[in-house]
Novice: 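Got a structure for you, questions after.
Just so you know, these numbers come straight off a predicted model, no measurement behind them.
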Amino acid sequence: METTVAEVPFNPLEKIALSCSGGGYRAAAFHLGTMSYLHRLPYQGHPLLENVKMLSTVSGGTITGIVYTLQKQKGKTFPEIYNFLLERLRKLDLVKLGIEKLNPGAQWQNDNKRKNLINAFAELYDEYFTDGATFAELAEMHCHLEAVAFNSTEFNNAVDFRFRNRGSGIFGNYYLRINQAQAAEIRLSDAMAASTCFPGGFEPILWPTDFLHADSPNLKSLPQTAPVGIMDGGIYDNQGIDTILRYKGSADNPYFDCIIISDVSSPYMNPYKPTPESPAKGISRITLRQFDRRARSINRWVNWLVPCLCIFLGFLPTLWDYRNSTGTGISLTLAAVLLLLWLGKIALLRKLLRIPGRLRRWLLEKNPHMDFYLKKLSGLDLGELSLHRARPLLLDRLNSLISLLLNVFLKVVRRLNYNLVYNDDRWRYRRIGNLIRRLTREDYDAQTRRPVEERTDAVEAHSLFKGDFDADIGENIGAIAEAAADFGTTLWFTPEDQLGGTLDKLLATGQFTMCFNMIEYLENILYDEIPIDPKTQPALRELLEQCKTDWASFKNNPYFLI
């Protein structure tokens, strides 16, 4: 493949952008492992991590991103940041603590916030991760980062909503621009909550009402308009790629020499399976009309039997002249209870019988054209529809809708964002995909059969990896990568996860996957005879040798850096 000079970075690792995908604690831990390996690599006299100039994070990746950025601004070393975050990931069960904060007597620090789960998480993030810090802490960057973007999705215009440091771009979005005075008052914990606010698990966090606090006069002075719902950044771009591509530079002259995409999401999804047919037996054979007949028959018996029982129990004490006795009390109490239950049943049944008519009127009020569809539906004889036949009609629709929202939609968005850098040859030497599944046997074999990009003969001849999983990767690394990739999107580690060392597996997978991908990247730029600054080449070769040495250590003990 021919390559123009404009496509090749003169100093490949001088300016790096790192994107950290969403994925709960799985993402937070994997990205921490990725960053720890970049910090380990010495490059031109300092850790390679310090060449990262932009950090773009989503959802679970934002937990790691905000903690890292804030702690670096405070002058903390990477080992201090690593241990700080590791301790919280290991011990904090955010879901349990968040639900406990919803109890009526639980302490609620900020009275401006609605009392719901996402705001409970915002308070927990503030308590355990950010300690009251606001974006004023990021007004002037005092570390190697020049730009950070913590991504979320805005629900009024279906676009991204980006929490940024000052001077790195629009804070908010095109429709909802937040000025610097207002942005400086926003707590980092609220940005973390907005970015991790995944649908189904949380309700939207509201702008600006849920962002107000005692020391936010500029936010409180905002015009009183309808609040805007903000949720998980993964809805718009779960990899944070788009934010990086839009930062400075241009398509013909990219600003960053290298983009590292640290990603725990999977391109795979479980195939749709229709509801299996089951034999019609038992209650599943009963049609709605048959059920209605039986229900009416039972109702008639109840309407006849209960009054008779009440009369019988009421007159039963006459046998002992209503003397003050246990028998009198029991009889009269049972009669009263039965009578009340019977009257309650009658009232409830009347209300239930009115529901279809009320539902029809409500539907017609909301959508006048609904009458057209209801008339079409009347062609189906619902009375002859049994549970056996109704079950697949309902479940197939429900399951396909859930799959569409939780799988198909997110996979399509993921593919579109990856296409921005993988279907554009200008990024061929400027990208590293650090995917959590890369070193599983399935993915490694698939990449060998269908490589992402064709390697030249020179690269093939020098490459450490020859496409044989057992020889290149081995069972030790493969098993850990498989376990890390299969861990769910949660904000806790169960006791079983702790005993199984899930957190260590996620950290190690981030480390050895980054090592593997760095080797492949360096082999491509060093052996493909592309124009690189001659002064940089020795440092790149030293870096490659360090990675190869580390890879041998990883194969011997995948946890050697934990």
Novice: Taking the side chain as every heavy atom from C-beta outward, state whether Ile436 and Leu506 have any atom pair closer than 4.5 Å.
Specialist: yes
Novice: Under a 3.5 Å distance rule, please check whether Gln71 uses its side chain to pair with a backbone N or O of Ile81 as donor and acceptor.
Specialist: no
Novice: Would you say that more than 12 heavy atoms from the other residues, nucleotides or ligands in this model lie under 6.0 Å from the OH of Tyr272, or not?
Specialist: yes
Novice: Taking the six-membered ring for Trp, are Phe161 and Trp207 parallel (under 30°), tilted (30 to 60°) or perpendicular (over 60°)?
Specialist: tilted
Novice: Work out which heavy atom in Glu523 is nearest to a heavy atom in Leu544; give both atom names and the distance.
Specialist: CG-CD1, 4.3 Å
Novice: Working to the nearest 0.5 Å, report the span between CG of Leu38 and CG of Asn51.
Specialist: 10.0 Å
Novice: Could you report the tightest heavy-atom contact between Ala508 and Pro558, atom names first, then the distance?
Specialist: CB-O, 3.6 Å
Novice: Provide the full list of side-chain hydrogen bond (donor to acceptor under 3.5 Å, both in side chains) pairs with a residue in residues 75-85, sequence neighbours left out, each pair given once.
Specialist: Thr77-Glu80
Novice: Do you see a donor-acceptor pair shorter than 3.5 Å between the side chains of Tyr25 and Thr502?
Specialist: no
Novice: Among Ile525, Thr536, Asp257, Leu522, find the one that has a side-chain contact (heavy atoms from CB on, under 4.5 Å) with Leu13.
Specialist: Leu522
Novice: Show your reasoning for whether side-chain contact (heavy atoms from CB on, under 4.5 Å) applies to Leu561 and Phe554.
Specialist: CA-CA 9 Å; Leu561 291 181; Phe554 278 126; 3.7 Å; yes
Novice: Say whether, by atom type as modelled, one donor and one acceptor occur between the side chain of Ser195 and the main chain of Ala191 under 3.5 angstrom.
Specialist: no
Novice: Can you find a heavy atom in the side chain of Trp427 that is under 4.5 Å from one in the side chain of Leu420?
Specialist: no
Novice: Using only heavy-atom distances, determine whether the side chains of Gln546 and Asp550 contain a donor-acceptor pair under 3.5 Å.
Specialist: yes
Novice: Atom CG in Asp443, atom CZ in Arg437: separation rounded to 0.5 Å?
Specialist: 5.5 Å
Novice: Which distance, rounded to the nearest 0.5 Å, do you find between the OH of Tyr422 and the CG of Asp424?
Specialist: 12.5 Å
Novice: Please determine, by modelled atom types, if Asp263 and Tyr418 share a side-chain donor-acceptor pair under 3.5 angstrom.
Specialist: yes
Novice: Distance check, rounded to the nearest 0.5 Å: Met514 atom CE versus Phe30 atom CZ?
Specialist: 8.5 Å
Novice: Under 3.5 Å, side chain of Lys113 to main-chain N/O of Leu212, donor-acceptor pair present?
Specialist: no
Novice: Is there side-chain contact between Leu540 and Pro12, with heavy atoms separated by less than 4.5 Å?
Specialist: yes
Novice: Quick one, Ser36 with Phe78, criterion side-chain contact (heavy atoms from CB on, under 4.5 Å). Give me CA distance, side-chain angles, the key distance, then yes/no.
Specialist: CA-CA 8 Å; Ser36 73; Phe78 184 82; 3.6 Å; yes
Novice: Tell me whether Thr509 contacts the main-chain N or O of Lys505 through its side chain, where contact means a donor paired with an acceptor under 3.5 Å.
Specialist: yes
Novice: Is it true that, when you exclude Asn557 itself, more than 12 heavy atoms of the residues, nucleotides or ligands shown sit nearer than 6.0 Å to its CG?
Specialist: yes
Novice: Angle class for the Phe202/Phe198 ring planes (parallel below 30°, perpendicular above 60°, tilted otherwise)?
Specialist: perpendicular
Novice: Indicate yes or no: does Asp215 engage Lys220 in a salt bridge with an N to O separation below 4.0 Å.
Specialist: no
Novice: Donor-acceptor pair, Asn119 side chain versus Lys115 backbone, under 3.5 Å?
Specialist: no
Novice: Are the side chains of His31 and Leu18 in contact, using a 4.5 Å heavy-atom criterion?
Specialist: no
Novice: For the pair Arg90 and Asp504, find out whether any cationic side-chain nitrogen is under 4.0 Å from an anionic carboxylate oxygen.
Specialist: yes
Novice: Could you tell me if Lys53 sits above the aromatic ring of Phe256, with its cationic atom closer than 6.0 Å to the ring centre and no more than 45 degrees from the axis?
Specialist: no
Novice: Which atoms form the tightest heavy-atom contact between Thr489 and Gly24, and what is the distance?
Specialist: CG2-N, 3.8 Å
Novice: Within a strict 4.5 Å, meaning less than it, do heavy atoms of the Leu138 and Gln73 side chains meet?
Specialist: yes
Novice: Under the criterion side-chain contact (heavy atoms from CB on, under 4.5 Å), I'd like the reasoning laid out for Ile260 against Ile16: C-alpha separation, chi angles, the key distance, then a yes or no.
Specialist: CA-CA 7 Å; Ile260 300 175; Ile16 301 173; 3.8 Å; yes
Novice: Under a 3.5 Å cutoff, is there a donor and acceptor pairing between the side chains of Thr62 and Asn151?
Specialist: no
Novice: What's the spacing between Ser19 OG and Ile244 CD1 if we round to 0.5 Å?
Specialist: 4.5 Å
Novice: Using a 6.0 Å cut-off, check whether atom CZ of Arg246 has over 12 heavy atoms from anything other than its own residue.
Specialist: no
Novice: Is there a donor in the side chain of Asp497 and an acceptor in the side chain of Thr494, or the other way round, less than 3.5 Å apart?
Specialist: yes
Novice: Any side-chain heavy atom of Pro9 sitting closer than 4.5 Å to one from Glu14?
Specialist: no
Novice: Relative to each other, are the rings of Tyr255 and Tyr247 parallel, tilted or perpendicular (30° and 60° limits)?
Specialist: perpendicular
Novice: Looking at Ser56 and Gly240, would you say the former's side chain and the latter's main chain have a donor-acceptor pair under 3.5 Å?
Specialist: yes
Novice: Of the non-hydrogen atoms in Met231 and Glu203, which two are nearest, and what is the gap between them?
Specialist: CE-C, 4.2 Å
Novice: Using only atom types and a distance under 3.5 Å, with no angle test, would you say the side chain of Glu123 pairs donor to acceptor with the backbone of Trp108?
Specialist: no
Novice: I need the minimum non-hydrogen distance between Ala27 and Gly60, along with the two atoms involved.
Specialist: CB-C, 4.1 Å
Novice: Decide yes or no for Val228 and Asn157: does some side-chain heavy atom of the first lie under 4.5 Å from some side-chain heavy atom of the second?
Specialist: no
Novice: Taking the basic N atoms (NZ, or NE/NH1/NH2) and the acidic carboxylate oxygens, is any pair closer than 4.0 Å for Glu520 and Arg438?
Specialist: yes
Novice: Check whether any side-chain N or O of Asn165 sits under 3.5 Å from a backbone N or O of Glu146 as a donor-acceptor pair, and report yes or no.
Specialist: yes
Novice: Which heavy atom in Asn434 sits nearest to a heavy atom in Gly510, and how many Å separate them?
Specialist: ND2-O, 4.1 Å
Novice: By side chain to side chain donor-acceptor pair (under 3.5 Å), which residues pair with Tyr521, not counting sequence neighbours?
Specialist: none
Novice: Are Met518 and Leu48 close enough that some pair of their side-chain heavy atoms sits under 4.5 Å apart?
Specialist: yes
Novice: Would you confirm whether the ring centroid of Phe512 sits within less than 6.0 angstrom of the ring centroid of Phe516?
Specialist: no
Novice: Treating Asp210 as the side-chain partner and Ile205 as the backbone partner, does any N or O pair qualify as donor plus acceptor under 3.5 Å?
Specialist: no
Novice: Could you list all the ring-ring contact (aromatic ring centres under 6.0 Å, His included) pairs where at least one residue sits in residues 45-71, not counting sequence neighbours?
Specialist: Tyr68-His144
Novice: Looking at Arg162 and Asp242, does any basic side-chain N land under 4.0 Å from a carboxylate oxygen?
Specialist: yes
Novice: Is there a donor-acceptor pair under 3.5 Å between the side chain of Asp472 and the backbone N or O of Gly467?
Specialist: yes
Novice: Check step by step if side-chain contact (heavy atoms from CB on, under 4.5 Å) holds for Val421 and Arg430.
Specialist: CA-CA 9 Å; Val421 291; Arg430 296 177 182 266; over 6 Å; no
Novice: Please check if any side-chain donor atom of Asn218 sits under 3.5 Å from a side-chain acceptor atom of Glu185, or the reverse.
Specialist: yes
Novice: Got a second to check how far Ile118's CD1 is from Cys197's SG, nearest 0.5 Å?
Specialist: 4.0 Å
